[in-house]
Amino acid sequence: MASTRREGRGTEMTRREVLRRFLALGLALPGGAALLAACGGREQPAATTGAQPQPTVGQAGQTPTAAGQAEDKLEIFSWWTNPGEADGLQALFDIFKQRKPGVEIINATVAGGAGTNAKAVLVTRMQGGNPPDSFQVHAGQELIGTWVVAGKMEPINDLFEQEGWNKVMPKTLLDQISYKGEFYSVPVNIHRSNMLWYNKQVFEANNLEPPKTLDDFYQVAEKLKAAGVTPLSVGGKDKFEVPHLFEDLLLAVFGPKDYAALFTDPGMWENDERIDQAIETLDRFLSYANEDRSALSWADAAQRIIDGSAAMTIMGDWAYGYFINKGAKPGQVFGWAPSPGTDGSFLWLSDSFGLPKGAPHRTNAIEWLKVCGSREGQDAFNPKKGSIPARTDPDKSKYDEYLQYSIERFAQDALAPSVVHGAAANEAYMTDYGNALNVFSASRDKNQLKAMLIEAAGELKGTAQ
Ligand code: GAL
């Protein structure tokens with residue numbers, strides 16, 4: 001059992017180790033004084049938005065952009081390489097290019113769903129004093145616990161003030177991008193984690209309705225299995241897919257309030273018997289899933305719904321962006337419903353971009369952030385991405401049926417933060433939680449999963465608020 005576990009840790013451990021070393025090293029480097037100051041809350045200069053940018057207080061050895069110095073590049077770091085998400089990114093680039101025609105955009109992507117690979121590369125770059133101009137980061141603990149507390153980001157309050165973003169973004173979201181009264185990133189969207197996507201024809205041919213409850217799911221899955229169709233399409237290649245499925249099942253078993261409590265009251269992982277129920281549920285869901293998970297990305301798993309070789313997949317609504325890109329007609333080729341047992345809850349996450357200290361092209365980075373936060377930018381990005389705008393004042397005519405539904409659900413449902421996508425818990429916890437689920441995907445050892453989840457919960461103590 002112990003050896004399975006050690007093997008299973010593989011790349012996940014590497015990411016966590018890199019992160020730990022980075023945090024420890026940062027405090028010991030010549031720039032450590034600045035980091036310590038930031039951790040202690042000493043004021044950092046705010047990002048300004050005028051033609052004469054303030055030089056940043058960079059780390060030792062970095063040359064801040066000189067005021068007025070020509071900047072001909074902008075490097076944007078993300079993991080958006082799949083159909084749908086890459087289209088959304090391009091739409092933002094197009095607007096930036098209209099505003100700054102002479103600037104070359106370097107699209108620095110590292111493939112891998114949920115940023116599994118990208119985040120490790122980013123840590124190495126930040127550690128080496130080589131930040132991109134701006135990078136994709138989830139609102140919540142992924143931003144605050146990893147980068148802000150380490151003193152690696154510039155606060156951008158002036159930009160928020162100037163652009164009026166604090167008046168047009170929901171408080172729930174603003175709370176997740178601020179620390180000690182300062183804003184640190186610009187959210188471009190809100191995604192929903194707890195969605196079920198299904199093949200319309202397969203459901204019609206078998207006289208099925210999308211499952212509302214966990215029991216409905218088992219009944220539907222049995223019928224599909226009897227009809228020779230794989231009921232559930234699940235990926236595993238990027239190591240976030242099974243952890244993602246489990247967060248949706250935790251939500252189904254615990255409900256939104258107690259689900260959220262799991263990340264603030266770590267003792268629940270050991271003492272609440274609903275954990276056993278959630279593990280049982282996952283085991284049962286996986287018994288209806290394809291076996292070749294480790295070869296499949298989330299996008300490959302979604303493709304099987306379009307092809308009809310599988311009937312359902314449970315994935316965030318970036319899958320919607322994928323389906324649209326592939327020309328699959330919503331409501332005809334595929335349909336959607338909240339993942340079983342979670343109707344009335346919206347498991348949310350938000351992609352955002354921030355301003356790292358020492359950004360080589362800081363003026364352009366600020367211009368990029370302005371595009372990200374603008375109504376024009378969000379209305380171009382989100383319809384392609386499959387997400388809803390972070391702003392509450394979109395041009396609704398640009399959003400189709402699914403997205404209008406999602407906008408409405410976000411306004412009315414109980415909100416709960418995604419753990420896999422950075423909102424609920426710190427990076428070290430996310431890594432251990434993810435690793436436990438990936439080991440389980442192969443081993444199906446329920447006792448081992450529980451033990452690993454209890455151990456992971458130890459990382460939840462001391463989360464920065
Ligand atoms: C999430 C991210 C989404 C999408 C997805 C798949 O973590 O927030 O924007 O990219 O991963 O890669």
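Counting convention: from 1, in listed order, for ligands and their atoms alike.
- Paired with H421 under the rule side chain to side chain donor-acceptor pair (under 3.5 Å), one option of H244, E142, E247 passes, and it is H244.
- Ordered by chain and residue number, the residues placing a heavy atom less than 4.0 Å from ligand 1 are W79, W80, E85, G113, A114, H138, H191, W298, W318, L349, D351, K385, H421.
- With ring centers used as reference points, H191 lies under 6.0 Å from W318.
- Minimum interatomic distance between N199 and I306 (heavy atoms only, all atoms of both residues): ND2-O, 3.8 Å.
- If you take CG on L249 and CD on E280, they are separated by 12.0 Å, rounding to the nearest 0.5 Å.
- Ring geometry for W80 versus F381: interplanar angle of 30 to 60°, hence tilted.
- Using cut-offs of 30° and 60° for the angle between ring planes, the Y433 and W269 rings count as perpendicular.
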